[in-house]
Amino acid sequence: MQIFQHTLTRTVSCTGIGLHSGRKVNLSLRPADPDTGVLFKRSDLPGAPLIPADVHHVVDTRFSTTIGVDGVVISTVEHLLSALAGLGVDNAIVEVDAPELPIMDGSAAPFVFLLKNAGLTSQARPRQLYRVQREVSLSEDGKTVSVSPGEGLSVDFTIDFTHPAIRTQRLGFKLDDKSYAREISRARTFGFLSDMRRLHQANLALGGSLDNAVVLDSHRVLNDDGLRFPDEFVRHKVLDFLGDLALVGRPIQGRFVASKSGHDLNNKLFKKLLADPSAWQLVTPSQEEPTPATAGQARPASGRVGQVSAA
Ligand SMILES: [Zn+2]
């Protein structure tokens with residue numbers, strides 16, 4: 001884990017279509033000051049209002065994660081947030097001219113490509129991360145999700161579908177400098193042809209197609225090129241989970257275990273965790289110990305934290 005916060009070295013942009021509208025969306029990712037976090041900016045609206053990426057601003061989790069403030073919303077934030085967190089970006093402005101992010105190819109790989117083009121810059125402010133201190137769990141309708149203390153960040157995810165092309169899949173993922181791009185980012189979202197027809201009739205998912213999702217009929221995968229991983233489905237669930245988790249606003253150290261969980265239950269767990277201060281401590285990666293407000297003064301000036309605050 002890097003000690004210092006990171007932002008983008010330069011602004012990068014791309015264009016794609018919105019999953020729900022099927023319309024063109026322009027996206028720019030811009031550098032931001034330390035302690036900004038990730039801010040979404042709706043450049044198509046008067047005054048270009050800002051929506052902070054924050055678990056308390058989640059307003060809808062039915063098809064994707066939507067966040068909003070005062071009625072201004074931005075949808076399908078989880079794939080980009082997943083890429084930002086997976087690559088270790090703390091601070092960024094995400095500017096879009098639509099109420100949803102572009103779906104790209106349904107994975108986070110195009111965002112990883114963009115972020116690698118932007119480059120990352122270390123900032124003169126140490127990170128603070130949540131270190132989980134005790135177990136917090138939730139279950140609902142046969143779905144479960146929990147977090148317990150653990151080294152680094154790991155996610156153990158299980159899905160269980162009756163569909164013959166999916167069945168039971170389980171993935172244990174541990175985040176390090178390279179693992180996100182290699183193991184998770186390329187996994188695409190997936191959907192069933194029957195659901196897509198129903199959504200289209202309801203004027204939803206108008207942009208959804210074989211170009212931005214793995215689509216299954218009742219027997220098999222319909223995409224000509226097949227799957228990117230034999231277990232692409234559970235990998236995408238981990239991708240989504242990391243995107244939802246990014247809404248806690250800081251890196252987190254803990255061991256997550258999820259079974260059949262989705263955006264709604266994920267968000268409930270993260271809120272439950274944050275609401276219980278006895279379940280976590282704020283630490284900096286250099287110290288690996290709690291950082292009360294006085295910690296900076298108590299540490300010798302030669303310590304890493306002291307050097308940063310003097311810079
Ligand atoms: Zn997804």
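Both counts, for ligands and for their atoms, begin at 1 and track the order of listing.
Between the side chain of K174 and the main chain of E151, a donor-acceptor pair closer than 3.5 Å is present.
If you check the side chains of N212 and D105, you find no donor sitting under 3.5 Å from an acceptor.
Looking only at its N/O/S atoms, H79 has NE2 as the one nearest to the Zn ion (ligand 1). When the N, O or S atoms of D240 are ranked by distance to the Zn ion (ligand 1), OD1 comes first.
Not a single N, O or S atom of E78, from either the backbone or the side chain, sits less than 2.8 Å from the Zn ion (ligand 1).
The aromatic ring centres of F173 and F157 sit 6.0 Å or more apart.
Shown here is F192, whose CZ atom has more than 12 heavy atoms of other residues, nucleotides or ligands within 6.0 Å.
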